[in-house]
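Okay, so here's the structure we're looking at.
These numbers were taken from a predicted model, which means no experiment stands behind them.
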Amino acid sequence: MCTVCGCGTSHDHDHGHDHAHGHSHGELHFGHGPAGAQVAGMSQARLIEIETDILSKNDRFAAANRQVLQARGAFAVNLVSSPGSGKTTLLCKTIEALGDQPLAVIEGDQQTANDAERIRATGAQAVQINTGKGCHLDAHMVGHAMEHLDIAPGSVLFIENVGNLVCPAGFDLGEDCKVAVLSVTEGEDKPLKYPDMFTVSKLALLNKTDLAPHCDVDLDLYEANLRRVNPGIEVLRLSARTGEGMREWIAWLRGNLGRKVPQAAE
Ligand SMILES: Nc1nc2c(ncn2[C@@H]2O[C@H](COP(=O)(O)OP(=O)(O)OP(=O)(O)O)[C@@H](O)[C@H]2O)c(=O)[nH]1
Ligand SMILES: [Zn+2]
Ligand SMILES: [Zn+2]
Ligand SMILES: [Zn+2]
């Protein structure tokens, strides 16, 4: 359960409402309070208290992960997206393109080890985390996964988060940056509908461009919407299938890895 999304709780409409949900012109707003969300039967103050507690514990684990990675000069990317945007396909192609670059992969899904198996089939090391009912990876899970990986100095650590465009935005895993993967088939309004994920991402990869001619998608508008929610976001268009844009993505990774300077733990 995470209080950020309120999953694990239900908003049962059989009860009588004596409180307002802020509505006008056919719209209902549940995100206008100080907590930015509502959970039935819980006050805004209590919601903020629970969320602050969860996130502050998470931040302590994230700081520990970051220290381990920093000491090894490893560059960690937290790949976030909706289910099926092409993260694992892209990772397999990326691993191939990176050649003998040391790297490791942590896979997050509610169930199955499918993705870690796909990664291992490339020859790379991978650990699968299954979150069960959980809707995102947290830093504690990632810290334990890191114990099972050989993160060599100068490595890239790829963390493929649970496919979910909402909750993973709130959780620092100790990564250097979040990279959002979007597929052109999702529609160009997604950055406006789910802004949090794109506000916290450094780079957006607009994937499956090979499919763009088959769906009514305006890629320029897609990019403009990304920049509306995050003016500083970098955007690369690519296709994991055809290889379009892969060179730029690999250059981006190598550039960021090159800027990491190992620092001894204090
Ligand atoms: N046409 C096309 N299909 C793609 C591309 N990248 C991925 N796919 C397809 O998209 C589907 C989902 O790809 P995955 O790599 O499993 O996506 P994912 O984001 O890892 O999925 P989850 O981990 O389940 O969230 C598969 O059928 C892929 O073959 C692409 O660039 N072009
Ligand atoms: Zn959630
Ligand atoms: Zn995947
Ligand atoms: Zn533990």
Side-chain angles (χ1 to χ4, degrees), residues 2 4-5 29-37 51 55 58-59 62 65-66 69 75-87 90-91 94 108 135-139 142 156-209 212 215 217-240 244-260:
C2 89
V4 180
C5 69
H29 296 284
F30 289 84
H32 281 172
E51 194 176 312
L55 291 179
N58 182 74
D59 283 350
N65 295 348
R66 189 164 278 120
L69 293 164
F75 178 63
V77 177
N78 179 1
L79 285 169
V80 288
S81 85
S82 10
S85 64
K87 298 178 295 299
L90 176 65
L91 274 179
T94 302
C135 46
H136 57 269
L137 292 179
D138 67 27
V142 167
V156 181
L157 174 65
F158 293 104
I159 306 165
E160 179 181 333
N161 218 311
V162 177
N164 174 349
L165 214 43
V166 182
C167 310
F171 289 81
D172 181 8
L173 306 181
E175 75 269 5
D176 288 279
C177 59
K178 290 184 174 67
V179 170
V181 183
L182 303 106
S183 54
V184 301
T185 52
E186 288 167 38
E188 57 275 82
D189 59 352
K190 292 306 163 290
L192 304 180
K193 289 182 174 173
Y194 302 94
D196 291 356
M197 193 60 90
F198 306 102
T199 314
V200 297
S201 293
K202 179 177 165 72
L203 171 69
L205 296 174
L206 207 40
N207 188 31
K208 308 194 191 181
T209 51
C215 40
V217 62
D218 179 341
L219 295 182
D220 291 336
L221 180 58
Y222 221 139
E223 280 202 25
N225 286 341
L226 282 163
R227 295 205 167 89
R228 261 177 79 183
V229 299
N230 180 355
I233 199 164
E234 299 172 70
V235 183
L236 290 176
R237 297 181 188 186
L238 60 79
S239 164
E244 181 198 345
M246 281 299 289
R247 208 170 35 158
E248 290 78 3
W249 159 234
I250 297 297
W252 186 94
L253 279 172
R254 288 198 193 280
N256 278 279
L257 175 63
R259 282 189 281 280
K260 281 282 292 217

Which pairs count as salt bridge (Lys or Arg N to Asp or Glu O under 4.0 Å) when at least one residue sits in residues 164-175, sequence neighbours excluded?
Arg66-Asp172, Glu175-Lys178

With Asp189 via salt bridge (Lys or Arg N to Asp or Glu O under 4.0 Å) - residues at least two apart:
Lys193

Run the side-chain contact (heavy atoms from CB on, under 4.5 Å) test against Arg247 and tell me which residues pass, sequence neighbours left out.
none

What are the two closest non-hydrogen atoms of Pro191 and Tyr222, and how far apart are they?
CD-CE2, 4.0 Å

If I compare all heavy atoms of Glu160 with all of Leu137, which pair ends up nearest, and what's the gap?
O-CD1, 3.8 Å

Heavy-atom side-chain contact between Phe158 and Leu253 under 4.5 Å
yes

Which residues satisfy the side-chain contact (heavy atoms from CB on, under 4.5 Å) test with Thr209, sequence neighbours excluded?
Val184, Leu219, Arg237, Ser239, Glu244

Quick one, Glu186 and Ser85 - any side-chain contact, counting heavy atoms below 4.5 Å?
yes

To the closest 0.5 Å, what do you measure between NZ (Lys87) and CD1 (Ile159)?
13.5 Å

Checking Asp138 now: which residues fulfil side-chain contact (heavy atoms from CB on, under 4.5 Å) with it, not counting sequence neighbours?
Asn58, His136, His140, Met141, Phe171

Hits for salt bridge (Lys or Arg N to Asp or Glu O under 4.0 Å) against Lys190, two or more places apart or cross-chain, chain-then-number order -> none

Roughly how far, to the nearest 0.5 Å, is CD1 of Ile233 from CG of Leu226?
5.5 Å

One should read off an interatomic distance between Thr185 OG1 and Asn207 CG, to the nearest 0.5 angstrom, of 9.0 Å

Identify, with sequence neighbours excluded, every residue that meets side chain to side chain donor-acceptor pair (under 3.5 Å) alongside Asp176.
Lys260

Is the side chain of Asn164 donor-acceptor paired with the backbone N or O of Cys135 at a distance under 3.5 Å, no angle test?
yes

With Arg227, which residues qualify under salt bridge (Lys or Arg N to Asp or Glu O under 4.0 Å), at least two apart?
Glu223

Can you tell me how far OG of Ser183 sits from CG of Leu90, rounded to the nearest 0.5 angstrom?
11.5 Å

Would you find a donor on one side and an acceptor on the other, under 3.5 Å apart, between the side chain of Asp196 and the backbone of Gly170?
no

Check: residues 197-205 side-chain donor-acceptor pairs under 3.5 Å, at least two apart:
from	atom 1	to	atom 2	distance (Å)
Thr199	OG1	Pro195	O	2.8
Ser201	OG	Met197	O	2.7

Counterpart residues, side chain to side chain donor-acceptor pair (under 3.5 Å), relative to Thr94 (two or more places apart):
Trp249

Can you give me the closest heavy-atom contact between Arg228 and Leu192, atom names plus distance?
NH1-CD1, 3.9 Å

Flag if over 12 foreign heavy atoms under 6.0 Å of OH, Tyr194:
no

For Pro34, give me all partners under side-chain contact (heavy atoms from CB on, under 4.5 Å), at least two apart in sequence or on another chain.
Gln44, Ile48

In the structure I gave you, are the side-chain heavy atoms of Lys208 and Leu182 within less than 4.5 Å of one another anywhere?
no

Minimum heavy-atom separation for Ser81 to Val181, with atom names?
CB-O, 2.9 Å

